[in-house]
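Report on one structure; see the data block that follows.
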Amino acid sequence: MNIKILAVISVVVWPYSLLGQESGIDPIGFDRSKRVQDDLFQAVNGVWLEQTPIPDDKSDYGSFTILADQSIERIRDLVQKIAARPQSPGSDAQKIADFYNSFMDEERVNELGATPLQNELERIDEIHELNQLPSHFGRLNTIGVQTPLAFFVTQDAKDSTRYLSALIQSGTTLPNRDYYLKDDEKYIGARVAMQKYVLRLFELADIPLVPADAETLVNLEKSFAMFQWTPVQLRDAQRRYNLFEVSELELLMPDYDWQAFLGALGVPDITEVNVMTPSFFEGLNVIFKTTPVAVWRNYLRFKLLDAYAPFLSQEFVDANFDLKSRELTGIPEQKPRWKRAIERTAGAGAGDFGVLGEVVGKLYVEVYFPREAKAKMELLVENLLTSFDRSIDELSWMTDATKTQAKEKLAKIDTKIGYPNRWRDYTRLEMDRHDLVGNIMRSNLVEFDRNRSKLGQPIDREEWGMTPQTVNAYYSPSKNEIVFPAAILQKPFFNFDADDAVNYGAIGAVIGHEISHAFDDQGSQYDGDGNLNNWWTDEDRRAFEVLTRQLIDQYSQYEPLEGKRVNGELTLGENIADLSGLSIAFKAYQLSLDGEASPRIADWSGEQRFFLGWSQVWRRKYRDAEMVRRLLIDPHSPSWYRANGPVTNIDAFYEAFDVKDGDALFKPAEARIRIW
């Protein structure tokens with residue numbers, strides 16, 4: 001990857017041989033030719049970056065993916081033991097065994113080809129009029145197939161006591177609207193690859209299609225992209241809230257049969273909906289009524305085949321991999337089938353519950369999450385919340401009235417650690433060890449129904465948005481909660497046997513990061529009860545926006561690939577959370593010392609180990625194609641800048657490493673950005 005390296009002013013030799021595991025620092029990856037004062041990320045991770053190849057089945061590799069691989073290996077052991085023996089009919093174990101075995105029965109899957117989708121393809125064949133499309137769009141939503149209109153149920157952003165139906169733009173296959181609208185070489189290549197992909201899927205399904213028809217489908221998606229909101233626009237919580245009476249939807253799309261659509265979704269009686277991207281639907285109405293029915297049929301065939309290609313015969317799997325992984329993320333090799341089976345069983349990452357995510361999660365925490373880890377995390381969280389509370393008192397840019405409101409919101413944050421108190425019920429989900437596509441389809445239907453059935457019900461405060469085996473964490477503004485799954489609570493993020501300094505610099509900063517999301521540019525628009533409600537004075541909001549504009553400018557200068565810069569506006573919320581979380585975590589570490597000096601380990605002070613631990617967490621490298629994709633859609637900055645960007649604004653970093661004018665990471669005190 002063509003990363004621009006910060007200038008090195010001078011070289012010091014690290015006390016390499018003195019650093020030990022008791023410190024929580026892994027010295028093997030350090031680059032002793034680099035100075036922390038010039039490049040914290042490279043100094044801590046340079047040798048690791050140089051010597052560690054990205055595995056052939058991955059688009060990027062680092063601390064998160066290493067732990068995710070460990071999680072997958074652990075789950076494999078659990079699942080394969082269950083799948084190897086008969087289980088009681090209807091039990092969770094039977095469902096795990098039958099789903100996993102249906103995925104692993106490669107011979108049967110290859111024999112079937114596209115046959116499992118025959119009924120759905122015949123339904124599409126029967127579409128001859130535009131007025132038949134809305135009900136079919138609705139049906140495909142329920143079985144996990146993308147259409148231009150995505151429907152879901154979520155917490156009402158302005159009334160956090162209830163659930164609300166929502167509609168948002170959708171319908172495109174490539175990662176971002178820019179892939180359709182810009183003529184960058186990589187984007188043109190992606191459009192050509194998508195056209196080939198369309199032709200290949202139709203060929204494999206034995207459906208006639210000529211190249212001009214495939215080009216028409218790509219251009220249809222391009223027309224969607226022209227009306228889609230940008231990722232920056234989609235971040236705006238206020239702009240995303242547009243409450244419509246169902247009777248008013250025809251103002252957006254007068255040529256669309258909304259009742260047929262909602263009926264097919266199983267929500268014929270709803271009276272209101274949040275249309276998150278209204279201008280998109282206005283544009284879609286024109287596309288809808290001017291696109292020939294024959295083109296719509298081909299589009300729906302393509303979206304069905306695309307959605308289920310990973311679960312069909314190997315030729316479909318290969319075609320899907322060639323576009324989605326090889327072309328768009330640069331991955332040269334498919335994951336082995338067992339790994340794909342485990343990921344689909346248990347969930348492949350943040351927000352993905354797989355088919356049986358919490359069933360597997362329950363097994364995972366019983367074996368791999370000790371009670372002592374949860375207790376130590378609870379203490380860390382308590383110290384971080386106390387530190388944040390004190391930090392609010394010290395803010396020079398915020399008035400007392402807003403400080404009072406901020407403290408009230410902070411006090412209401414709910415914390416969830418490890419695993420949920422109540423597990424999801426999979427009773428209605430039926431599994432057949434000989435029917436992989438049917439299992440996926442039934443899983444999609446059950447999950448859609450679970451989401452839809454929330455309407456009219458009390459808010460489920462116990463529900464989790466990630467599985468325990470997910471290596472990640474999150475903040476929910478509508479619930480005002482921070483959530484830390486079990487799988488992230490291990491080295492290098494959380495080392496139960498390590499010195500406190502590294503844990504505060506690693507998992508402590510992660511905790512602080514998630515707390516800070518309650519007060520970033522978007523989270524700060526929600527009050528302590530989770531309602532989109534302005535609790536700021538105008539004066540404070542203006543002062544906050546001055547600071548955040550400075551952060552936008554800082555990160556917009558970073559250029560991980562030649563000509564490809566970080567989008568400071570898209571990444572603003574995460575950059576605020578990184579800066580604020582790290583600042584708060586350091587204060588919490590100081591609080592934990594209770595007035596005592598930090599212990600020196602391997603000739604490093606606790607303050608220095610704190611920042612080394614922070615950088616160690618961000619070990620990561622990317623393929624160029626994946627970097628291009630992330631720069632367009634990922635609200636997180638690349639790891640290099642997550643390590644280096646915040647510390648340039650933190651006085652404690654300057655003091656810990658004696659950073660001076662002339663060092664590459666130096667900023668004059670008056671130019672340092674201090675938010676929380």
Side-chain angles (χ1 to χ4, degrees), residues 14-32 34 36-37 39-48 62-64 66-67 70 370 372-384 387 417 471 473 484 486-515 578-579 581-594 596-620 639 642-644 646-647 650 652-653 655-657:
W14 291 73
Y16 193 75
S17 61
L18 298 178
L19 285 171
Q21 282 300 110
E22 72 276 2
S23 70
I25 299 294
D26 172 19
I28 304 244
F30 286 1
D31 183 345
R32 291 175 288 170
K34 299 296 189 294
V36 168
Q37 298 91 331
D39 192 336
L40 174 63
F41 179 79
Q42 190 73 18
V44 172
N45 304 306
V47 168
W48 182 91
S63 299
F64 285 88
I66 290 169
L67 284 187
Q70 177 181 288
E372 314 88 78
K374 186 168 185 174
K376 192 166 185 177
M377 268 293 292
E378 287 171 345
L379 179 60
L380 279 167
V381 171
E382 182 180 343
N383 281 348
L384 264 294
S387 177
I417 297 172
V471 183
F484 304 97
I488 199 173
L489 304 180
Q490 50 193 322
K491 295 185 288 187
F493 296 92
F494 179 58
N495 185 343
F496 187 77
D497 299 317
D499 164 63
D500 278 349
V502 169
N503 277 331
Y504 274 96
I507 196 63
V510 172
I511 296 167
H513 174 106
E514 299 307 335
I515 294 172
D578 279 347
L579 171 57
L582 188 62
S583 300
I584 297 301
F586 185 83
K587 293 176 181 178
Y589 173 58
Q590 295 293 297
L591 183 67
S592 74
L593 295 174
D594 198 24
E596 300 291 327
S598 66
R600 297 190 71 84
I601 299 177
D603 205 34
W604 293 97
S605 70
E607 289 74 16
Q608 290 172 328
R609 294 194 307 278
F610 173 90
F611 289 106
L612 298 179
W614 163 254
S615 183
Q616 184 173 265
V617 160
W618 298 114
R619 279 185 182 172
R620 194 177 208 167
S639 288
R642 297 192 75 173
N644 282 350
V647 299
I650 297 176
F653 174 71
E655 295 166 6
F657 291 100

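Atom set for the values below is all heavy atoms of this structure, side chains included, hydrogens, waters and symmetry mates excluded.
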What are the two closest heavy atoms between [X] and [Y], and how far apart are they?
{"X": "G613", "Y": "A506", "value": "O-CB, 4.1 Å"}
{"X": "A473", "Y": "E514", "value": "O-OE2, 3.5 Å"}
{"X": "Q608", "Y": "A656", "value": "NE2-O, 3.0 Å"}
{"X": "L489", "Y": "F484", "value": "CD1-O, 4.1 Å"}
{"X": "G606", "Y": "A501", "value": "O-CB, 3.3 Å"}

If you round to the nearest 0.5 Å, how far is [atom2] of [Y] from [atom1] of [X]?
{"X": "Y589", "Y": "R609", "atom1": "OH", "atom2": "CZ", "answer": "5.5 Å"}
{"X": "S23", "Y": "D603", "atom1": "OG", "atom2": "CG", "answer": "12.0 Å"}
{"X": "D500", "Y": "L593", "atom1": "CG", "atom2": "CG", "answer": "8.0 Å"}
{"X": "N644", "Y": "W618", "atom1": "CG", "atom2": "CH2", "answer": "12.5 Å"}
{"X": "M377", "Y": "E382", "atom1": "CE", "atom2": "CD", "answer": "12.5 Å"}
{"X": "K34", "Y": "D39", "atom1": "NZ", "atom2": "CG", "answer": "8.0 Å"}

Would you call [X] and [Y] a side-chain contact if the rule is heavy atoms closer than 4.5 Å?
{"X": "S598", "Y": "F610", "value": "no"}
{"X": "F496", "Y": "P370", "value": "no"}
{"X": "N503", "Y": "K376", "value": "yes"}
{"X": "V381", "Y": "E378", "value": "no"}
{"X": "R620", "Y": "R642", "value": "no"}
{"X": "D499", "Y": "I25", "value": "no"}
{"X": "I511", "Y": "F494", "value": "no"}
{"X": "I584", "Y": "L384", "value": "yes"}

*Mind checking ring-ring contact (aromatic ring centres under 6.0 Å, His included) for F611 and listing every partner two or more places apart, or none if nothing turns up?*
F586, F653

*Who passes ring-ring contact (aromatic ring centres under 6.0 Å, His included) against F493, sequence neighbours left out?*
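Listed in chain order: F64.
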
*Looking only at atom types and distance, does a side-chain atom of S387 sit under 3.5 Å from a main-chain N or O of N383, one as donor and one as acceptor?*
no

*Looking only at atom types and distance, does a side-chain atom of Q616 sit under 3.5 Å from a main-chain N or O of G505, one as donor and one as acceptor?*
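Absent.
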
*Salt bridge present between D26 and K491 (N-O < 4.0 angstrom)*: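 No, D26 and K491 are not salt-bridged.
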
